[in-house]
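Heads up: the structure comes next, in structure tokens.
Here the structure is a predicted model, which is why all the values come from computation and not from measurement.
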Amino acid sequence: MTAITLKTVIFLGSARNVVPPWGGDARLGDRVLKWIKSHLSTRSEPLGEEGDTVSHQIRIIDPIDAFGPNGALAHSGGELKSPTFFMDPNSLPESTKKLQEVIKGADCYLVVSPEYNHSIPPALSSVMGHFGGSNYKCKPSGIITYSPGPFAGMRAAMAIQVMCHELGCLPVSKLCGLPAVSELLELDGSPKDADHRMLKQLPELLTQLEWMAVAMKNQREKTGTF
């Protein structure tokens, strides 16, 4: 039995940084991200009953950082003025090249997002859309959505599935949708009830993601990509 460490990139979908007039978190996704990070830090699961053991080395791509001062995409902005695939690779800022290397070097992706106007937050589609499909292809993705209310961001999840398909990072079928996040998770991301049925979605998603990530990694190493 072999220990396999997957390079897992987590895209955070929201760049919101304001507390709404009715109160709540400036960015509810911070609770969700902390919960996911905590879960992945202790996860070491076998593939099948006697398969290789899989763990995760994570890298977080946060649009607040990417588009902020000195961020890897600050030169282009959220409006996507300078997609990398329209630029001479030698002219890219070093920070952009490094971010591209992180994305291209990943074995799998997790997309953690709310829904804005019942669809994909612009910050998410801009960050991911700065890089062409050749950076994502032949790898799987998993989609985790959330909301302050009862619908768990599922309308965004449907749209994100299509976006990931077109980028080439094929989404696994299992989704993780968290409704009423402040009722499920503390500010530090710890569960208010670790046995809550909604929190059991993530391990099931990760089981699918890991299986696909290892299979695709093996095939990339054997034959390269198409």
Side-chain ion pair, Arg43 and Glu210, N-O less than 4.0 Å: yes
With the side chain counted from C-beta on, respond yes when Thr8 and Arg59 share a heavy-atom pair under 4.5 Å apart, and no when they do not. no
When you look at CD of Glu183, are more than 12 heavy atoms from neighbouring residues, nucleotides or ligands closer to it than 6.0 Å? no
Report yes if some heavy atom in the side chain of Cys169 is under 4.5 Å from a heavy atom in the side chain of Lys137; otherwise report no. no
For His130, is there any backbone N or O sitting under 3.5 Å from a side-chain donor or acceptor partner on Thr84? yes
Do Lys139 side-chain atoms and Gly168 backbone N/O form a donor-acceptor pair below 3.5 Å? no
Are Val214 and Leu170 connected, step by step, through hydrophobic side chains (Ile, Leu, Val, Met, Phe, Trp, Tyr) whose heavy atoms are closer than 4.5 Å? yes
Between the main-chain N or O of Lys7 and the side-chain N or O of Gln57, is there a donor-acceptor pair closer than 3.5 Å? no
Heavy-atom neighbours of Phe151 CZ exceed 12 at 6.0 Å: no
Let me see the working for Arg16 and Asp25 under salt bridge (Lys or Arg N to Asp or Glu O under 4.0 Å), right down to the final yes or no. CA-CA 10 Å; Arg16 183 164 69 87; Asp25 299 15; over 6 Å; no
For Asp188, does the CG atom have more than 12 heavy-atom neighbours from other residues, nucleotides or ligands under 6.0 Å away? yes
Test item: Phe11 and Leu124 side chains (from C-beta on) under 4.5 Å apart, heavy atoms: yes
Check: Leu178 and Thr145 side chains under 4.5 Å, non-hydrogen atoms: no
Donor-acceptor pair, distance only, cut-off 3.5 Å: does the side chain of Glu115 make one with the backbone of Arg155? yes
What verdict does the side-chain contact (heavy atoms from CB on, under 4.5 Å) test give for Ile61 and Ile103, after you've listed the backbone C-alpha separation in whole Å, the side-chain angles of each residue and the deciding distance to 0.1 Å? CA-CA 9 Å; Ile61 298 178; Ile103 293 170; 3.7 Å; yes
side-chain hydrogen bond (donor to acceptor under 3.5 Å, both in side chains) between Tyr146 and Ser113, intermediate numbers included: CA-CA 6 Å; Tyr146 61 88; Ser113 181; over 6 Å; no
CG on Leu184 to OG on Ser182, rounded to 0.5 Å: 8.0 Å
side-chain contact (heavy atoms from CB on, under 4.5 Å) assessment of Asp62 paired with Phe67: CA-CA 9 Å; Asp62 185 333; Phe67 294 123; over 6 Å; no
For Ser76 and Ser82, indicate whether the former's side chain and the latter's backbone hold a donor-acceptor pair under 3.5 Å. yes
Spatial distance of atom CG (Asp195) from atom CG (Leu199) [nearest 0.5 Å]: 9.0 Å
Closest contact, heavy atoms only, Leu6 versus Ala213: CD1-CB, 3.7 Å
Side chains of Leu209 and Leu110 in contact at under 4.5 Å (non-hydrogen atoms): yes
Verdict with reasoning, Gln161 to Leu175, per side-chain contact (heavy atoms from CB on, under 4.5 Å): CA-CA 10 Å; Gln161 280 186 323; Leu175 296 170; 3.9 Å; yes
Dump the intermediate steps for side-chain contact (heavy atoms from CB on, under 4.5 Å) on His39 and Leu202, then the final yes or no. CA-CA 9 Å; His39 187 88; Leu202 180 59; 3.9 Å; yes
Tell me whether the count of non-hydrogen atoms from other residues, nucleotides or ligands lying under 6.0 Å of NZ in Lys192 goes above 12. yes
If you define the side chain from C-beta out and look only at heavy atoms, does anything of Met212 sit under 4.5 Å from Cys108? no
Shortest non-hydrogen separation from Ala15 to Ala123 and the atoms involved: CB-CB, 3.9 Å
Do the side chains of Asp107 and Arg220 get close enough for a salt bridge, i.e. N-O under 4.0 angstrom? yes
Do other residues, nucleotides or ligands put more than 12 heavy atoms under 6.0 Å from the NZ atom of Lys81? yes
Please check this pair: side chain of Gln201 against backbone of Met198, looking for a donor-acceptor N/O pair closer than 3.5 Å. yes
Quick check: does any side chain N or O of Thr223 sit under 3.5 Å from a backbone N or O of Gln219, one acting as donor and the other as acceptor? yes
Does the pair Lys97/Glu94 count as a salt bridge with the N-to-O cut at 4.0 Å? yes
Taking the side chain as every heavy atom from C-beta outward, state whether Trp35 and Ser190 have any atom pair closer than 4.5 Å. no
When you measure from the side chain of Thr207 to the backbone of Pro203, do you find a donor-acceptor pair of N or O atoms at a distance under 3.5 Å? yes
